[in-house]
Amino acid sequence: MTNRDVARIFDRIADLLQIKDENPFKIRAYRKAADSIYHLDEDLTYIQKSGRLGDIPAVGKAVQSKIEEMLEKGSCEYYERLTHEVPEGLLDMLALPGIGHKTAKLIYDELGIDNLPDLLKAAREKRIRTLPGMGAKTEYNIKKGMEMLKEASAKSTLGLALPLAEELRDYLLNSRVVEEAAITGSVRRGKPLVSDVDILVSSCSFEAVHHAVSSYRRLEEIESLGTDHIKGRLGYNLNFEIIIVPPADFLSQLFWSTGSKEHIKEIRELGGEEQGGAFFSEEAFYASMDMQYISPELRENRGEIEAAGKGEIPQLIELSDIKGDLHTHSRWSDGAHEIEEMVQAAKDSGYSYLAITEHSRSLPISRGLNEERLKAQGKVIEALNVNLDEFRVLKGSEVDILKDGSLDFDDDVLEDLDIVIGSVHSNFKLERDKQTERIIRAIKNEKVDIIGHLSGRLLNRRPGYEIDRDRILEAAARNQKIMEINAHPDRLDIDEETAKIAKDMGIKVAINSDAHSKQDLKLMKYGVINARRGWLEPADVVNSWELVDLLDYIQKKQS
DNA sequence: GCCGTTTTCGGCCCGACTGTTTTCAGTCG
């Protein structure tokens with residue numbers, strides 16, 4: 001079992017206990033343990049072997065013995081016993097917005113419903129409204145939530161798909177049944193949501209590939225099989241296709257399988273012919289059509305073919321261009337690690353600066369900082385900087401944009417900070433005009449440098465709030481505000497389309513991890529992929545600049 | 001169930017919104 005698998009079981013135990021209405025602190029203890037395990041650097045198996053399970057934060061005797069049981073037997077008796085008391089299908093219901101543990105339990109107790117299809121049926125038959133506290137709106141929300149879940153199950157985030165694709169590719173390479181293997185299709189193009197994972201392999205033996213795939217640890221099901229492909233489903237409900245080609249065709253098929261369909265269609269219409277052979281390379285192929293090389297992220301038929309013909313393909317930003325991260329959290333608010341640990345991780349990433357930007361006081365769930373704690377943190381950061389060579393920790397805040405567009409801190413408090421991100425975390429359902437005015441008011445505040453996760457969307461979970469994007473971008477351009485690309489693969493906000501429009505309007509972008517742990521700093525790569533899909537170059541991305549230039553741009557003198 | 005530089009027992013994030021009510025429980029961030 002992986003750390004992730006173990007963490008998931010503890011989370012489910014917490015859910016089951018919550019449905020059973022057990023001691024809330026016990027439930028929280030399991031959640032904290034799950035979170036702590038999820039964010040571990042090392043493999044649990046290794047930690048167990050060296051006898052350090054008890055050193056994991058939030059892991060005490062009870063949780064430790066369950067971890068040992070899971071690592072040894074692959075199962076957990078306590079968890080299985082709970083699932084006998086509470087049907088597991090109730091956990092699926094919790095994914096519906098508005099349905100929590102109490103409601104799920106009520107629906108089960110009163111109507112005997114323990115799965116999503118029956119719940120939908122009951123909502124359609126207006127049986128939910130017979131329960132106390134439930135009405136027509138609840139039924140409507142259930143039906144709407146089910147539609148959302150259906151859409152979500154059709155696609156996976158890149159944050160889920162890419163690591164699994166890399167793992168499958170490496171597994172095939174290491175099993176030595178293939179000569180070459182590469183991720184292709186929409187994952188190679190870096191789409192934020194993908195319907196499947198495509199792996200192109202070259203092999204002379206279909207049987208050997210089939211045999212290897214059959215014993216892959218994450219395989220759930222093989223659905224379709226032919227000498228040129230294997231299609232099926234992996235764990236986490238992720239569809240996959242392995243495309244098998246002869247070694248001589250590998251590079252050309254990598255091009256044709258990458259897509260997108262629209263890009264390929266356009267290439268064919270311009271006379272691009274399928275060609276194989278060992279001399280094929282994508283660079284040479286585009287060159288043969290008098291075009292510059294087009295990176296996979298750009299192959300969406302959104303003007304890249306014309307640009308490549310004119311020599312106007314941008315020099316896309318790369319992960320190695322990134323010099324710092326401007327949006328991170330530490331244990332001072334809801335992060336998992338100390339500032340010092342975050343700094344070390346940033347140095348390990350090759351960065352030369354890192355901004356600590358905790359939540360502000362209006363977000364108590366995230367232990368948002370009040371003015372006193374913010375000032376105290378500033379002192380800690382100043383002291384830290386004294387002993388840092390060639391690295392700078394920036395004092396920052398992810399300050400809440402309140403309902404009326406004012407900020408959670410007064411100007412004189414923000415004055416002392418190096419970097420200020422304004423973000424919306426509440427009142428998501430304001431009507432469009434009010435939401436737009438709210439954000440524009442924050443943009444006009446001269447203390448604000450960056451607008452964080454503009455749309456508030458959570459991929460597969462929540463659409464963004466209603467805003468007039470064009471008006472907001474105009475205001476950002478006028479006030480020289482930086483728009484964030486939040487790199488978390490569940491957000492990727494602003495999206496690629498907005499990023500391209502912003503670039504064309506001369507608005508600068510910051511690609512920020514929004515890290516809540518040192519491992520999260522690595523999520524930067526998803527933001528860079530998203531920026532590339534938005535045609536961004538280093539000149540467009542402020543945290544690919546030297547710090548002095550960044551501070552100069554936001555008109556703050558380096559102290 | 002975890003934790004401890006006041007504690008090995010008694011604490012452990014909380015305010016706002018929603019949908020249902022007509023004063024609030026449940027959900028969410």
Side-chain angles (χ1 to χ4, degrees), chain A residues 9-11 13-37 53-67 76 78-79 82 90 93-110 123 126 128-145 148 329 331-336 358-370 373 398 400-404 408 423-431 434-435 452-453 456-458 461-462 464-465 488 490-491 514 516:
Chain A
I9 298 228
F10 284 126
D11 242 336
I13 287 176
D15 280 333
L16 292 166
L17 291 175
Q18 209 165 350
I19 291 173
K20 277 171 54 102
D21 205 18
E22 288 250 4
N23 176 0
F25 299 109
K26 182 172 165 179
I27 294 162
R28 192 184 302 160
Y30 275 109
R31 289 215 192 281
K32 278 178 154 174
D35 192 57
S36 181
I37 291 164
L53 283 180
D55 296 346
I56 302 171
V59 171
K61 278 185 181 157
V63 169
Q64 183 179 340
S65 73
K66 289 182 182 72
I67 297 175
C76 172
Y78 179 63
Y79 171 61
L82 284 174
L90 293 192
M93 294 187 195
L94 302 180
L96 292 168
I99 304 289
H101 302 87
K102 300 262 182 190
T103 310
K105 175 84 164 21
L106 178 72
I107 290 171
Y108 173 62
D109 285 344
E110 297 298 320
K126 305 190 198 313
I128 302 296
R129 67 181 69 178
T130 61
L131 302 175
M134 309 278 119
K137 193 70 196 281
T138 312
E139 289 172 344
Y140 172 76
N141 285 340
I142 288 172
K143 287 184 265 187
K144 215 171 144 207
M148 189 197 77
H329 301 267
R331 288 183 67 161
W332 281 72
S333 64
D334 57 348
E358 314 288 8
H359 293 289
S360 58
R361 57 192 170 188
S362 285
L363 215 54
I365 181 71
S366 302
R367 307 195 337 114
L369 270 52
N370 58 23
R373 290 186 69 219
E398 182 183 16
D400 253 52
I401 301 174
L402 304 177
K403 189 174 183 179
D404 64 355
D408 205 9
S423 296
V424 166
H425 289 113
S426 61
N427 302 95
F428 294 159
K429 293 188 174 168
L430 276 190
E431 60 179 87
K434 284 194 176 147
Q435 195 72 281
H453 46 68
R457 75 173 181 177
L458 289 175
R461 274 188 285 161
R462 177 178 88 196
Y465 22 83
H488 195 291
D490 289 347
R491 289 190 181 270
D514 197 357
H516 284 71

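The figures here come from the full heavy-atom set of this structure, side chains too, leaving out hydrogens, waters and symmetry mates. Each chain gets a letter, A, B and so on, in the order its sequence line appears, and its residues count up from 1.
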CZ (Phe428(A)) with more than 12 external heavy atoms under 6.0 Å: yes
Segment of DNA chain B, first to last nucleotide, that comes within the 4.0 Å heavy-atom reach of chain A: dG1(B) to dG29(B)
Sugar-phosphate only, base, or nothing, as touched by Arg462(A) at under 4.0 Å among non-hydrogen atoms: sugar-phosphate
For dT8(B), the Watson-Crick or wobble counterpart (both distances under 3.5 Å): none
Sugar-phosphate only, base, or nothing, as touched by Ala104(A) at under 4.0 Å among non-hydrogen atoms: nothing
Sugar-phosphate only, base, or nothing, as touched by Thr138(A) at under 4.0 Å among non-hydrogen atoms: sugar-phosphate
Touch class at under 4.0 angstrom, heavy-atom based, for Leu17(A) against every strand present: nothing
Residue Lys143(A) excluded, over 12 heavy atoms near NZ under 6.0 Å: yes
Residue pair Glu139(A), Arg129(A): steps toward the salt bridge (Lys or Arg N to Asp or Glu O under 4.0 Å) verdict: CA-CA 7 Å; Glu139(A) 289 172 344; Arg129(A) 67 181 69 178; 2.8 Å; yes
Gap in Å between the two C1' atoms, one belonging to dG1(B) and one to dT5(B), rounded: 23 Å
5' precedence on DNA chain B between Ile56(A) and Arg28(A) (nearest-nucleotide basis): Ile56(A)
Whole-angstrom distance between dT20(B) and dC28(B), as gauged at atom P: 14 Å
Side chain Asp408(A), main chain Arg361(A), donor-acceptor under 3.5 Å: yes
Full working for salt bridge (Lys or Arg N to Asp or Glu O under 4.0 Å) between Asp21(A) and Lys105(A): CA-CA 9 Å; Asp21(A) 205 18; Lys105(A) 175 84 164 21; over 6 Å; no
Pairwise P distance for dC13(B) and dC17(B), with rounding to whole Å: 23 Å
Distance between C1' atoms of dA16(B) and dC12(B) (Å, rounded): 22 Å
Any residue meeting ring pair (Phe, Tyr, Trp, His ring centres under 6.0 Å) with His101(A), in chain and number order, not counting sequence neighbours: none
Pair Asp400(A)-Ser362(A), side-chain donor/acceptor within less than 3.5 Å: no
Within 6.0 Å of CZ in Arg331(A), more than 12 heavy atoms from elsewhere: no
Closest-nucleotide 5' rank along DNA chain B - winner of Lys403(A) and Gly98(A): Lys403(A)
Within residues 18-27 of chain A, residues whose heavy atoms come under 4.0 Å of DNA chain B: Asn23(A), Phe25(A), Lys26(A)
Ser36(A) side chain vs Pro57(A) backbone, donor-acceptor pair below 3.5 Å: yes
P atoms of dG26(B) and dT21(B), separation to the nearest Å: 14 Å
Separation between the C1' atoms of dG29(B) and dT23(B), rounded to whole Å: 24 Å
